[in-house]
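A short worksheet on the structure shown next.
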Amino acid sequence: MKNLKCFPFERNRYFYGKLLSADDFETEQKYFNDKRRTVNRYLLGTGVVCGLHVVEVDDETISVERGLALDFSGREIVVDEPVIRRISQFEGYDDDSGTDGESGYHYLCLEYREEAAELMHNVAGSPDSNNGEFNKYMEGYRLFVTQQEPEHEIFTPDRLYQESCVVYDGEGVRISHVSPRYLEAGADAVLQVEIEKTGQQQVISFDYDLEFSSMTSMDETKVHIHFDESEYPKSQSYRMEVPVRAAYVNGVEAQAAVVSDSFLLKAGGREYDPAVHAVSSGFVSSLDSYEAMQEEYYRGAMDYIVNHTFQQSIYLAKIYVVKAGTACMIDRVEQLPFSQRILHMEISAALIEKLADDVQKLKALEKSGDNAKGDASPREKSMEIASGEVVFDLADAKSRTDAALRGDYAWPWFFTGVGDPRV
């Protein structure tokens with residue numbers, strides 16, 4: 001299927017005496033395919049619908065479980081039986097990549113594929129077909145591995161409310177900024193700094209300066225970012241949060257930019273100071289982030305999808321490996337590294353029901369906590385609070401009042417009600 005354009009929709013008009021050709025039947029198929037795929041893409045989205053879990057079988061082998069996915073143009077991809085294969089047996093694997101003992105990773109990707117099948121005799125005897133034509137198209141899939149990042153922006157739900165910007169990617173380390181796409185004027189938000197070790201075995205640290213425009217961090221327009229892995233429990237990924245506040249201005253773009261020549265990475269006793277250019281941005285408006293996200297989606301989703309219909313794989317897993325001679329040993333498997341999953345009606349309904357149930361439990365817990373403070377009625381509580389004995393020394397109070405009126409004494413308390421302390 002080379003033509004990925006679904007509309008304008010065109011269907012056959014039948015009438016008595018119409019001579020039907022192969023083009024007419026192909027138009028009939030394309031009409032219904034395009035309708036279904038348009039609903040899939042615009043209503044459901046792109047990604048894994050169910051299944052397609054990647055399981056580590058042994059040190060060199062993985063299993064892709066059966067499942068269903070929708071690709072970037074709404075085409076259904078069905079893996080009807082588990083696929084068990086060594087990493088080295090997948091298309092795209094390079095035996096010569098990496099040296100012995102070196103760690104790295106491979107992305108396992110899934111794509112839609114169809115092939116002509118069932119060769120048969122052509123009674124029309126077309127000269128350029130050697131009297132043979134394929135009778136059917138077999139819809140299937142293609143599984144392959146790659147070390148390349150997605151060439152284009154991935155279609156995922158979080159793209160609607162946040163954007164990711166790569167600050168640095170090299171020496172087995174990837175540093176990214178994740179920032180909100182929409183900011184409410186004067187409201188607080190968080191810019192996340194995500195650190196992922198993609199092959200670096202040594203302890204790392206880095207520093208750089210971040211400069212803000214139309215927003216601040218702790219009332220400053222410039223902050224210093226510092227990370228030292230030795231200060232954290234050992235992991236392959238880390239996350240830092242930078243509090244930010246949008247300016248009290250509507251209709252502007254807030255930015256956080258890495259200051260030129262400020263980036264310095266340290267790994268294994270070596271220093272790296274590459275030129276880094278990274279700018280994260282978000283739109284500031286009077287709407288809160290939820291309202292702004294909805295407004296922008298309904299306004300621009302059609303143009304975005306039409307202009308971004310290009311070949312894009314579904315990244316099922318990120319497989320971390322260690323090279324051992326000619327073998328490729330699996331270290332760990334990260335499922336759906338770019339969160340390409342579809343939140344369809346069934347799971348959405350279950351999540352909403354679970355959320356409503358949790359809210360009810362919280363309300364019940366709050367109510368039981370209030371009751372545990374005491375079983376007395378409000379009237380009884382007020383009587384208990386008001387009960388007690390107070391003794392006023394009127395003679396002493398009169399002498400202090402007279403002294404205060406002469407200016408010789410300052411009252412040691414302060415009055416919150418209406419009245420004259422001289423009374």
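All values reported here derive from a predicted model rather than from experimental measurement.
- Taking 4.5 Å as the limit, some side-chain heavy atom of Leu183 sits within range of a side-chain heavy atom of Pro180.
- For the 3.5 Å distance criterion, the side chains of Thr27 and Gln29 fail to qualify, holding no donor opposite an acceptor.
- Taking each heavy atom of Ser286 and Asn250 in turn, the nearest pair found is N-OD1, 3.1 Å.
- For Tyr112 and Phe72, the gap between ring centers reaches or exceeds 6.0 Å.
- Between Leu20 and Asn12 there is no side-chain heavy-atom pair separated by less than 4.5 Å.
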### Query
Checking side-chain contact (heavy atoms from CB on, under 4.5 Å) for the pair Ile225/Asp207: CA distance, chi angles, key distance, verdict?
CA-CA 6 Å; Ile225 305 298; Asp207 294 85; over 6 Å; no

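- Under the 6.0 Å cut-off for aromatic ring centres, Tyr208 and His177 qualify, their centroids lying closer than that.
- Counting heavy atoms from C-beta outward, Glu163 and Ser281 have side chains that approach closer than 4.5 Å.
- Side chain to side chain, Thr216 and Asp219 fail the donor-acceptor criterion of an N or O pair below 3.5 Å.
- Side chain of Gln340 to backbone of Ser313: a donor-acceptor contact under 3.5 angstrom is found.
- Heavy-atom neighbours of Tyr290 OH from other residues, nucleotides or ligands within 6.0 Å: at or below the threshold of 12.
- Every residue meeting the salt bridge (charged side-chain N to carboxylate O under 4.0 Å, His left out) condition with Arg86, not counting sequence neighbours, appears here in chain and number order: Glu60.
- Counting heavy atoms of neighbouring residues, nucleotides and ligands inside a 6.0 Å radius, atom CE of Met240 exceeds 12 of them.
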### Query
Yes or no on side-chain contact (heavy atoms from CB on, under 4.5 Å) for Cys109 and Thr146, after CA distance, side-chain angles and deciding distance?
CA-CA 8 Å; Cys109 299; Thr146 180; 3.8 Å; yes

### Query
Can Arg66 and Asp80 be said to form a salt bridge (charged side-chain N to carboxylate O under 4.0 Å, His left out), step by step?
CA-CA 5 Å; Arg66 65 180 72 190; Asp80 55 348; over 6 Å; no

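- A cation-pi arrangement is found for Lys18 relative to Tyr14, the charged atom lying closer than 6.0 Å to the ring centre and inside a 45° cone about the ring normal.
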### Message
For Arg299 and Glu296: C-alpha separation, side-chain torsions, deciding distance, then whether salt bridge (charged side-chain N to carboxylate O under 4.0 Å, His left out) applies.
### Response
CA-CA 5 Å; Arg299 185 187 66 83; Glu296 177 62 22; 2.8 Å; yes

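- Evaluation of the side chain to side chain donor-acceptor pair (under 3.5 Å) rule for Lys266 yields no partner, not counting sequence neighbours.
- The environment of Gln148 atom CD is sparse: at most 12 non-hydrogen atoms of other residues, nucleotides or ligands sit within 6.0 angstrom.
- Residues Arg41 and Leu44 are not in side-chain contact: their nearest non-hydrogen atoms beyond the backbone lie 4.5 Å or more apart.
- Ser348 places a side-chain N or O within 3.5 Å of a backbone atom of His344 that can act as its donor or acceptor partner.
- Residues Tyr315 and Pro337 come closest through the heavy atom pair O-CD, 3.6 Å.
- Looking only at side-chain heavy atoms (C-beta outward), Leu210 and Val258 come within less than 4.5 Å of each other.
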### Message
For Ser230 and Asp228: C-alpha separation, side-chain torsions, deciding distance, then whether side-chain hydrogen bond (donor to acceptor under 3.5 Å, both in side chains) applies.
### Response
CA-CA 5 Å; Ser230 63; Asp228 188 342; 2.7 Å; yes

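- In this structure, Tyr182 has its ring center at least 6.0 angstrom away from the ring center of Tyr161.
- Of the possible polar contacts, none joining the Asp303 side chain to the Gly300 backbone as a donor-acceptor pair under 3.5 Å is found.
- Of the listed residues (Val55, Leu316, Val54, Leu52), just one forms a side chain to side chain contact (heavy atoms under 4.5 Å, CB included) with Glu65, and that residue is Val55.
- No more than 12 heavy atoms of other residues, nucleotides or ligands lie within 6.0 Å of OH in Tyr297, so this atom counts as exposed by the packing criterion.
- Relative to the ring axis of Phe338, Arg159 does not place its NZ or CZ within 45° and under 6.0 Å from the centre.
- For the residue pair Asn40 / Glu76, a side-chain donor-acceptor distance below 3.5 Å is found, with atom types taken as modelled.
- The closest side-chain heavy-atom distance from Ile175 to Tyr238 is not below 4.5 Å.
- More than 12 heavy atoms of other residues, nucleotides or ligands sit less than 6.0 Å from atom CD of Glu91.
- A 4.5 Å side-chain heavy-atom check between Glu26 and Asp23 finds at least one atom pair inside the cut-off.
- Legend: salt bridge (Lys or Arg N to Asp or Glu O under 4.0 Å) pairs involving residues 189-202, not counting sequence neighbours, sorted by first then second residue: Arg174-Glu196, Glu194-Arg239, Glu196-Lys318, Lys197-Glu229.
- Ring geometry for Tyr107 versus Tyr105: interplanar angle over 60°, hence perpendicular rather than tilted (30 to 60°).
- You'll find the side chain of Val321 stays beyond 4.5 Å of the side chain of Asp331, heavy atoms only.
- Looking only at distances, no side-chain donor or acceptor of Ser285 sits under 3.5 Å from a matching main-chain atom of Gly251.
- Between Glu139 and Tyr137, the side chains place no donor N or O within less than 3.5 Å of an acceptor N or O (distance only, hydrogens not considered).
- In this structure, Arg142 is positioned above the aromatic face of Phe144, its NZ or CZ under 6.0 Å from the six-membered ring centre and within 45° of the axis.
- In terms of heavy-atom proximity, Val79 sits nearest to Val83 at CG1-CG2, 4.2 Å.
- Heavy-atom minimum distance, Tyr141 versus Val78: CD2-O, 3.4 Å.
- When every heavy atom of Val284 is checked against every heavy atom of Ala185, the shortest pair comes out as CG1-CA, 3.7 Å.
- The two residues Thr46 and Asp71 come nearest to each other via the heavy atoms OG1-O, 3.5 Å.
- Shown here is Tyr16, whose OH atom has no more than 12 heavy atoms of other residues, nucleotides or ligands within 6.0 Å.
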